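The structure displayed is predicted, hence computed values, not measured ones. Heads up: numbering here begins at 1 and tracks the sequence.
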Amino acid sequence: MEAPEGDRAVLRTVLDVLLRRLPALEPAAPPAGLGRLEGLAVRGLGEVPVRW
């Protein structure tokens, strides 16, 4: 089950604003090490550790 396009657009906007306001923000873990959530209503990452 894929996220609706509107949800993806909101997420892209949020990430764009966050990264512009905090340019030193960077991932604190490799992408392969991120835990994914899988469920009927939720699908995505459980957490995204960052450092700055």
Fill in: More than 12 heavy atoms from other groups under 6.0 Å of CZ on R21
no
Practice prompt. Kindly give the heavy-atom pair with the smallest separation between L25 and L19, and that separation in Å.
Written response: CD2-CD2, 4.2 Å
Practice prompt. Before accepting this row, confirm whether a basic side-chain N of the pair D16/R12 lies closer than 4.0 Å to the acidic partner's carboxylate O.
Written response: no
Worksheet item: Under 4.5 Å between any side-chain heavy atoms of L34 and P49, yes or no?
Response: yes
Worksheet item: Which atoms form the tightest heavy-atom contact between L22 and W52, and what is the distance?
Response: CD2-CZ3, 3.5 Å
Worksheet entry | Nearest-0.5 Å distance, CG of residue L37 to CD of residue E47 | 9.5 Å
